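For clarity, every value in this text was computed on a predicted model and none was experimentally measured. Chain identifiers are assigned alphabetically (A, B, ...) following the order of the sequence lines, protein sequences preceding nucleic acid strands; residue numbering begins at 1 within each chain.
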Amino acid sequence: MIRAVKGTRDLLPPDTAVWNHVEQIARAVFHAYNYREIRTPILEETQLFARGVGAETDIVTKEMYTFEDRDGSSLTMRPENTAGVMRAYIEHRLDLLPGVQKLYYIGPMFRRERPQKGRFRQFYQIGAEAIGSESPATDAEVIQMVVEILARSGLSHFELLINSVGCGKCRAQYIEKLREALQPFIPQLSPDNQRRAETNPLRVLDSKVPEDEPIIEQLPSILDSLCPECLEHFERVRLYLTDRGIKFEVKPRLVRGLDYYMRTTFEVVHGNLGAQNSVLGGGRYDGLAEQLDSKVPSPGIGFSIGEDRLVMAVSDNQLPDALDLYIAPMDESALRHAGVLATELRATGASVEVGTTAKLKKAMDIANKVSARRVLIIGEDELAAGEYSLKDMTSGTQLRLSRAEIAGHLK
RNA sequence: GUGGCUGUAGCUCAGGUGGUAGAGCGCCGGAUUGUGGAUCCGGUGGUCGAGGGUUCAAGUCCCUCCAGCCACCCCA
C-alpha cells in the first residue's frame, strides 16, 4: 500500500473544519489590520535561504529539501516564508509603494526533520510581514494582531514571551561577554552545552538541561548589553504593548534560531503541545533586505504561527458540522423533484444532500448518521398532494409543507 | 542525525510458559407495509507491519528492514 510520506499527513473531515475556522479568523483579523495576502512559490532558488535564513543555521545545513533541477540549478522547497516574501518585495519594488507594506500568507512549509508531536516535514504556517517601518509601534501592532488571532481562534492559557536580541553591534559584543562568562564553567556543562558554548553561545541560554540551570542563571543578560538605540526601541515596544493591554513576559533568554532576527523577538508558548511548545515565533529583521542584495534598506518585522500546533491546541473546541437538510426521495419521480428543489434551497445558503432512492427506513438511518438537522420526505403521497413532509430530527416532529414554505423552515 | 517505546479486523484493543486468531465499536442486513436514534438477532471483515531464521508447528522465540509515536537536536 502506498502511504503518505514520512512527516506528511492527510487532513480529513471533520478536522478540516477546524483548519478552515482558524484560517477564516486569521484572514478576518489580517483584514482588520489592513494586511493583504501574498502568495509566493513553494520552490525558490536555494541561495535565497542560504543567504536569507543563514548558511550556518540548522534549517539550511540539514533540514532543507533541496534538489538539482534539470538545467542544473539548485532549488529548495521553502522551509519558511519570510525570505520568500522579502524576495518578492524586492523583486517587485514594493518599496516604491506608499506606506508600510503589510502582507500575510497561509501555506505549507517543508523541513526534513525527524517527526514528533507537533512537528512535521510538511507543516503549515500562518504568517505576516510588515516591511518598511522600523518604528517600535509597528512591532507592537504586529504582536497585538497575532495575539488577537490566537485568542479569537479559541486558544487559551497561552503565554507571550518577548525579548530583544540587539543589533549587529551590541549582539556581537554580548556574545563575547557570554563566551567569557561561560569559559570557567565549560567543564561542568552537559556535552550538548559544551558544544554550544564553543559554536553558538546564545543557544546555551535556551537549553533545557536541568543540571545546567544553576550555571545558566548566572550568565549575563543580553538586556544589559543593548546599545542605547536598541534599548530605547525595546522600551518603547513594551510601553506600547502595555498601552494596548497586551500581557507579556520579558524573557532575556529567548533567542531565535534564524540569523536574520534583530532587536525585537517574540514567541508564544502553550502547555498541551508536547516538547514543541511554541505555537508562534517572530521578530524584527532589519538587515534582511540588504542580505538579499537590496540597495534600499527595508526594515521589517513579522511572525509565523504554526497552524498544525494551533489546531492541535484548540481542537478540544468541537465545531458543529451538521447538514441542514437531507432529502429522501422514494421513487424515480420524487428523485427528479428532489434535484430541482435542492437547487432552489441551496441558493438560499442551506446545505442540502439529496439521497438516492431507498427504503425510507434506510434513508432515515443515513440522515441520522450524517447529522442532518431535518429530513424532507418526498413520496407518492407528497407528490399527489403537492406538499412535502419535513421532519425535524432533533425533536422528531413532522410537518406537511408546501414547496414555498420549506426554505423558511430551515432556520 | 541519535535514543526509547510500539506495530493483531476500518477504529480501540484481548490473545500465560510456541499448536495456523477473538471482543467491543463501526459497516452491511434483518426484527411484516412510508419514518432515524434504544434493544435484540445475523453477517462482512485480518497473507497477525515486511522479509528471513529456529522448530514437526510462530501472532507468540531470534535477526534484519519498514512504519508510527515520543524524546534529544532544533523549531512553527
Side-chain angles (χ1 to χ4, degrees), chain A residues 1-9 12 53 56-63 78-82 106-127 146 150 190-193 195-196 199-200 203 206-209 254-258 261 265-270 273-283 302-313 326 328-331 334 355 357-383 389-398:
Chain A
M1 181 167 68
I2 298 175
R3 306 165 42 112
V5 312
K6 188 198 255 307
T8 72
R9 55 184 181 155
L12 306 172
V53 177
E56 303 305 316
T57 57
D58 278 28
I59 289 177
V60 171
T61 55
K62 50 191 191 195
E63 294 174 2
R78 63 184 188 193
E80 59 95 57
N81 207 26
T82 298
I106 298 175
M109 309 295 158
F110 303 84
R111 292 182 202 172
R112 199 183 183 292
E113 300 180 90
R114 192 82 169 260
Q116 71 182 77
K117 188 179 177 91
R119 190 166 74 185
F120 308 93
R121 290 183 172 183
Q122 175 173 337
F123 60 100
Y124 295 81
Q125 288 191 334
I126 299 173
V146 75
L150 297 181
S190 61
D192 270 344
N193 277 328
R195 180 176 48 75
R196 289 160 162 165
T199 59
N200 191 351
R203 295 242 66 92
D206 214 21
S207 164
K208 292 175 200 160
V209 183
L254 176 67
V255 293
R256 314 239 83 241
L258 286 66
Y261 284 124
T265 59
F266 54 99
E267 176 172 323
V268 169
V269 295
H270 185 80
L273 295 175
Q276 310 306 315
N277 65 348
S278 164
V279 269
L280 149 195
F303 64 81
S304 58
I305 297 170
E307 190 175 2
D308 304 73
R309 293 178 185 177
L310 179 56
V311 167
M312 196 189 314
Y326 186 91
M330 297 189 59
D331 57 30
T357 54
K359 282 197 275 188
L360 186 55
K361 182 178 171 58
K362 184 65 195 164
M364 296 301 293
D365 189 33
I366 290 176
N368 185 49
K369 283 172 178 166
V370 300
S371 308
R373 280 190 253 271
R374 293 184 178 77
V375 176
L376 191 72
I377 299 163
I378 309 180
E380 281 182 33
D381 296 358
E382 283 78 6
L383 291 177
S389 300
L390 183 69
K391 177 162 184 172
D392 184 306
M393 295 296 275
T394 310
S395 64
T397 57
Q398 191 165 317

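Atom P of nucleotide B:rA38 and atom CG of A:Asp365 are separated by 10 Å, given to the nearest angstrom. To the nearest angstrom, C1' of B:rG49 lies 17 Å from CD1 of A:Ile2. If you measure from atom NZ of A:Lys62 to atom P of B:rU2, you get 12 Å, rounded to the nearest angstrom. Separating the CG atom of A:Asp308 from the P atom of B:rC75 is a distance of 18 Å, rounded to the nearest angstrom. Rounded to a whole Å, the CG atom of A:Asp381 is 12 Å from the C1' atom of B:rU33. Atom CG of A:Asp331 and atom C1' of B:rG34 are 11 Å apart (whole Å). When the P atom of B:rU35 is taken as reference, atom CE of A:Met330 falls 8 Å away, rounded to whole Å. Per the geometry, CD belonging to A:Glu63 stands 15 Å off P belonging to B:rU2, to the nearest Å.
A 3.5 Å limit on both hydrogen-bonding distances identifies no Watson-Crick or G-U partner for B:rA38. The partner of B:rC25 is B:rG10, by the rule that a Watson-Crick or G-U pair needs both atom distances under 3.5 Å. Nucleotide B:rA57 forms a pair with no other nucleotide shown, judged by Watson-Crick or G-U wobble geometry with both contacts under 3.5 Å. Pairing of B:rG68, defined by two Watson-Crick or G-U wobble distances under 3.5 Å, is identified with B:rC5. Nucleotide B:rG18: unpaired (no Watson-Crick or G-U wobble partner with both distances less than 3.5 Å). The partner of B:rC73 is absent, by the rule that a Watson-Crick or G-U pair needs both atom distances under 3.5 Å. In this entry B:rC48 has no Watson-Crick or G-U wobble partner, no candidate having both defining distances under 3.5 Å. Across all strands shown, B:rU32 forms no Watson-Crick or G-U wobble pair with both distances under 3.5 Å.
Among all heavy-atom pairs drawn from A:Ala328 and A:Ala363, the shortest one is CB-CB, 3.8 Å. Shortest non-hydrogen contact noted between A:Arg78 and A:Pro108 is NE-O, 2.8 Å. Among all heavy-atom pairs drawn from A:Gly7 and A:Pro115, the shortest one is CA-CG, 3.8 Å.
When each of A:Val255 and A:Gly396 is assigned the nucleotide of RNA chain B bearing its nearest heavy atom, the one mapping closer to the 5' terminus is A:Gly396. Positionally, the nearest nucleotide of RNA chain B for A:Met364 lies more toward the 5' end than for the other of A:Val279 and A:Met364.
Taking the C1' atoms as reference points, B:rC13 lies 13 Å from B:rU6, given to the whole Å. Rounded to the nearest Å, the gap between the P atom of B:rG51 and that of B:rA9 is 16 Å. When the P atom is compared between B:rG1 and B:rG19, the two are found 39 Å apart, to the nearest whole Å. Atom C1' of B:rG24 sits at a distance of 31 Å from the matching atom of B:rA57, rounded to the whole Å. Atom P of B:rG29 sits at a distance of 13 Å from the matching atom of B:rG37, rounded to the whole Å. Comparing B:rG7 with B:rC48, their C1' atoms are spaced 10 Å from each other, to the whole Å. Annotation: B:rA23 and B:rC40 have their P atoms spaced 16 Å apart (nearest Å). Taking the P atom of each, B:rA38 and B:rC28 are spaced 14 Å apart, rounded to whole Å.
Note on A:Gly118: a base of the nucleic acid sits closer than 4.0 angstrom, heavy atoms only. Contact annotation for A:Arg112: backbone-only contact, meaning every heavy-atom pair under 4.0 Å involves sugar-phosphate atoms and none involves a base. Residue A:Arg3 is classed as a sugar-phosphate contact, given heavy-atom separations below 4.0 Å to backbone atoms only. Base contact: A:Gly379 has a heavy atom under 4.0 Å from a base atom. When heavy atoms are screened at a 4.0 angstrom cut-off, A:Glu267 is found touching no nucleic acid atom at all. Note on A:Tyr124: nothing from the nucleic acid sits closer than 4.0 angstrom, heavy atoms only. Nucleic acid contact class of A:Gln398 (heavy atoms, under 4.0 Å, all strands): base. Counting non-hydrogen atoms under 4.0 angstrom, A:Ile377 reaches a base of the nucleic acid. At the heavy-atom level, A:Lys391 lies under 4.0 Å from base atoms of the strands shown. Looking at heavy-atom distances under 4.0 Å, A:Ile305 makes no contact with the nucleic acid at all. When heavy atoms are screened at a 4.0 angstrom cut-off, A:Gln122 is found touching no nucleic acid atom at all.
Between the side chain of A:Glu113 and the base of B:rA76 there is at least one donor-acceptor pair of N/O atoms closer than 3.5 Å. Between the side chain of A:Gln116 and the base of B:rG68, no donor-acceptor pair under 3.5 Å is found. One can find a donor-acceptor pair under 3.5 Å joining the base of B:rC73 and the side-chain atoms of A:Arg119. In this model, no side-chain donor or acceptor of A:Asn368 finds a partner on the base of B:rG37 within 3.5 Å. At a cut-off of 3.5 angstrom, counting only N and O atoms as typed in the model, there is no donor on one side facing an acceptor on the other between the side-chain of A:Lys369 and the base of B:rG36.
OP1 or OP2 of B:rC75 lies within a sub-4.0 Å distance of a side-chain N or O belonging to A:Arg203. Look at A:Lys362 and you'll find a side-chain N or O under 4.0 angstrom from OP1 or OP2 of B:rG29. At B:rU35, none of the side-chain N or O atoms of A:Lys361 fall inside 4.0 Å of OP1 or OP2 (strictly under the cut-off). Look at A:Lys359 and you'll find a side-chain N or O under 4.0 angstrom from OP1 or OP2 of B:rG30.
In this structure, the side chains of A:Leu310 and A:Leu150 come closer than 4.5 Å at one or more pairs of heavy atoms. The side-chain heavy atoms of A:Phe123 and A:Arg309, taken from C-beta on, include no pair separated by under 4.5 Å.
We find that A:Lys361 and A:Asp365 are not joined by a salt bridge, their nearest charged nitrogen and carboxylate oxygen being 4.0 Å or further apart.
A:Glu113 CD to A:Lys6 NZ: the interatomic distance, rounded to the nearest 0.5 Å, is 12.5 Å.
For A:Arg373 (side chain) and A:Thr394 (main-chain N/O), no donor-acceptor pair under 3.5 Å exists by modelled atom type. No donor-acceptor pair under 3.5 Å is formed between the side chain of A:Asp308 and the backbone N or O of A:Gly118.
In the displayed structure, A:Glu56 atom CD is contacted under 6.0 Å by at most 12 heavy atoms of other residues, nucleotides or ligands.
Residue A:Arg111 places its side chain closer to B:rA76 than to any other of B:rG34, B:rA76, B:rU2.
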